[in-house]
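Here is the structure we will look at.
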Amino acid sequence: MTTRVDHNLYPELLRFGATDISACFNCGVCTAICPLSVDGASFPRRMSRYAQLGLRDKLLASPELWSCYGCAECTESCPTQADPAAFMAAARRYAVASYDRTHLGYLLATSRIFAAVFITALVGVLAGFMYSVHRPVDGSTLALFEFMPSDFVHNLGVAVMAVMGAAALIGLFEMTRRVRHAPVPDKARPTVGKAAGAAWDAIATESLAQTRFRRDCTDAVERRPWYLRRWFIHFATMWGFLGLLGATMLDYGLELVGVKATGTPVPIWYPVRLLGTLAGAALIYGTTVLIVRRLRKSDRSSAHSTTSDWSFLSLLWVAGATGFVLELALYLPSAPAWGYAVFLLHVAVAMALVLLVPFGKFAHVMYRPLALFAIRLRG
C-alpha cells in the first residue's frame with residue numbers, strides 16, 4: 001500500500017495554531033500520561049508523528065484525534081515543551097477545515113480578520129433580512145411575533161437548519177470515507193449488537209453523559225469545587241445550548257398543536273419557559289466561566305485561545321444573554337422599544353450559531369460522536 005507524504009502538512013498545522021511540533025522526538029511520555037490513551041491507543045504521540053512525517057491522510061483518518069478533551073496533562077509532562085495538547089486542538093481544527101468542501105472552515109480558523117468580518121456580516125444580514133418584513137406594532141405591549149411574523153421566523157429557522165444539515169452531512173460523509181478506508185487490525189465484520197453498543201457508548205455514555213471526561217479527565221490536582229471543574233463547565237454549556245434548542249422547538253410544537261401561540265407570556269413554572277430559563281442560566285454560567293478563564297489564562301487548557309475559541313464562545317454568550325434580556329423585557333410594566341432590537345439580535349445570533357456548526361469549533365458535536373463510534377466499533 002502506497003503512503004502519500006504531504007510536505008505542506010506541517011506548515012498548514014502551524015497556521016491552525018499548532019506549536020513547533022519539531023521539538024517532539026516521539027518519546028511517548030504524552031501517551032503514557034494521558035488518562036484516555038488505553039487499550040492500545042497511542043495518542044497524541046501517533047498524531048504528532050503523522051504530522052512530522054507529512055502523513056496527511058493518516059492524520060485525517062484517525063478517529064483518535066477526537067478522543068482528546070484538552071486536559072493538557074501531556075503538555076505539562078512533555079520533556080521538550082512540544083505542547084502536544086495545543087497540537088491536538090490545532091489538528092482537530094485542521095480536520096474540520098479539511099472535511100469542509102466550501103473552504104469556509106479554513107478561512108474562519110486561520111484568519112482573525114476574515115472571521116470577525118464574516119460573522120459580523122452574517123449576523124447583520126440575518127437581522128436585516130428579518131427586519132425587512134417587520135410589521136408596525138401599537139407599543140402597548142412587547143408583541144414580538146406581531147412585530148416579526150412567527151411563520152416567517154419559523155420558516156427561516158427551517159431553512160437555516162436545512163443549510164446547516166446539508167453542510168454537516170457533507171462533512172460527516174468525508175470523515176466517514178476517510179476513517180472507513182483506514183487500515184484496522186481486526187477485519188471481522190461487526191455485528192448489529194456490537195454496532196448498537198458502540199453507538200450507545202459514543203452518543204449516550206460519552207457525548208451526552210461525558211462519563212470518561214468526568215471520571216478520568218478531572219481537575220483534582222487543582223483542588224477546584226465540582227461546579228468549577230472543566231467537565232461541569234463543559235456539561236453546563238453543552239446542555240444549556242441543547243436545552244434552549246429543545247425549548248424553542250417545543251414552543252413551536254405547542255403552537256402547531258394549538259396549545260399556545262409562540263411568544264405568549266406564561267408563568268415561570270410553565271414547563272417550556274422553565275426549561276428555557278434553566279438552560280439559559282446554564283449556558284451563560286458555562287460560557288462566562290470559559291471566557292474569564294481564557295482571558296486570565298488561568299489553567300493549562302485555556303492558555304492558548306484561537307479565533308475559533310473566541311468566536312464560538314462570544315456567539316454562545318450573546319445568544320444566552322439576549323435571551324434573558326428579552327425575557328425580562330416581556331414582563332416589564334411598559335413595553336420597551338429596545339426589546340425589538342434585542343429580539344432581532346437574539347434570533348440572528350442564534351441562527352448564525354446554527355449555520356456555523358459545520359465550520360468551526362462547534363463541529364466537534366457532530367465529529368466526536370462519529371469518531372468515538374468508530375473507535376468502539378474497532379474494539
Side-chain angles (χ1 to χ4, degrees), residues 141-148 150-158 160-161 164-165 203-211 213-214 226-227 229 231-291 312-332 339-340 342-357 362 364-366 369:
T141 59
L142 194 61
L144 298 178
F145 289 101
E146 291 180 15
F147 172 77
M148 185 67 55
S150 60
D151 288 344
F152 175 81
V153 176
H154 293 150
N155 292 336
L156 182 59
V158 171
V160 165
M161 293 290 288
M164 183 277 293
I203 297 173
T205 305
E206 291 300 314
S207 299
L208 296 179
Q210 301 182 13
T211 302
F213 194 6
R214 288 185 286 112
W226 62 269
Y227 54 85
R229 297 199 174 193
W231 74 265
F232 182 77
I233 301 304
H234 185 274
F235 193 85
T237 304
M238 178 189 71
W239 279 104
F241 178 81
L242 292 177
L244 286 175
L245 181 62
T248 302
M249 296 175 68
L250 284 173
D251 199 44
Y252 181 42
L254 291 176
E255 181 177 20
L256 291 179
V257 298
V259 175
K260 79 174 193 70
T262 300
T264 304
V266 291
I268 184 66
W269 57 83
Y270 198 84
V272 172
R273 186 186 174 206
L274 184 60
L275 172 62
T277 301
L278 294 176
L283 179 66
I284 291 179
Y285 172 72
T287 51
T288 300
V289 173
L290 289 171
I291 289 171
F312 175 59
L313 288 175
S314 299
L315 286 174
L316 278 177
W317 191 89
V318 171
T322 52
F324 267 112
V325 171
L326 270 180
E327 188 171 9
L328 174 65
L330 283 170
Y331 290 89
L332 289 176
Y340 297 108
V342 175
F343 175 66
L344 284 174
L345 178 61
H346 173 74
V347 177
V349 168
M351 289 187 177
L353 194 59
V354 172
L355 276 173
L356 293 173
V357 165
F362 214 4
H364 73 274
V365 301
M366 60 188 203

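Taking each heavy atom of T288 and I284 in turn, the nearest pair found is OG1-O, 2.6 Å.
Rounding to the nearest 0.5 Å places CD of E255 at 6.5 Å from CG of D151. With rounding to the nearest 0.5 Å, the separation of CZ in F343 from OG1 in T322 is 10.5 Å.
A ring pair (Phe, Tyr, Trp, His ring centres under 6.0 Å) with F232 is found for exactly one of F213, Y227, W226, namely W226. Only one option out of I291, L283, L290 pairs with L316 in a side-chain contact (heavy atoms from CB on, under 4.5 Å); it is L283.
The aromatic rings of F312 and F362 sit tilted, their planes meeting at an angle between 30° and 60°. In this pair, H154 and Y252 present their aromatic rings tilted. The plane angle is within the 30 to 60° band.
Between D251 and K260 a salt bridge is recorded (basic side-chain N to carboxylate O distance below 4.0 Å).
No side-chain heavy atom of T277 sits less than 4.5 Å from a side-chain heavy atom of Y270. Taking the side chain as every heavy atom from C-beta outward, L356 and L315 approach each other to under 4.5 Å.
Residues E206 and T211 have side chains that never bring a donor and an acceptor to within less than 3.5 angstrom of each other.
By the 6.0 Å contact criterion, CE on M238 is enclosed, its count of non-hydrogen atoms from other residues, nucleotides or ligands being greater than 12. Residue E327 qualifies as enclosed at atom CD: its count of foreign heavy atoms under 6.0 Å is above 12.
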query: How far apart are the C-alpha atoms of F145 and F152, what are their side-chain angles, what is the distance that settles it, and do they pass the ring pair (Phe, Tyr, Trp, His ring centres under 6.0 Å) test?
result: CA-CA 9 Å; F145 289 101; F152 175 81; over 10 Å; no
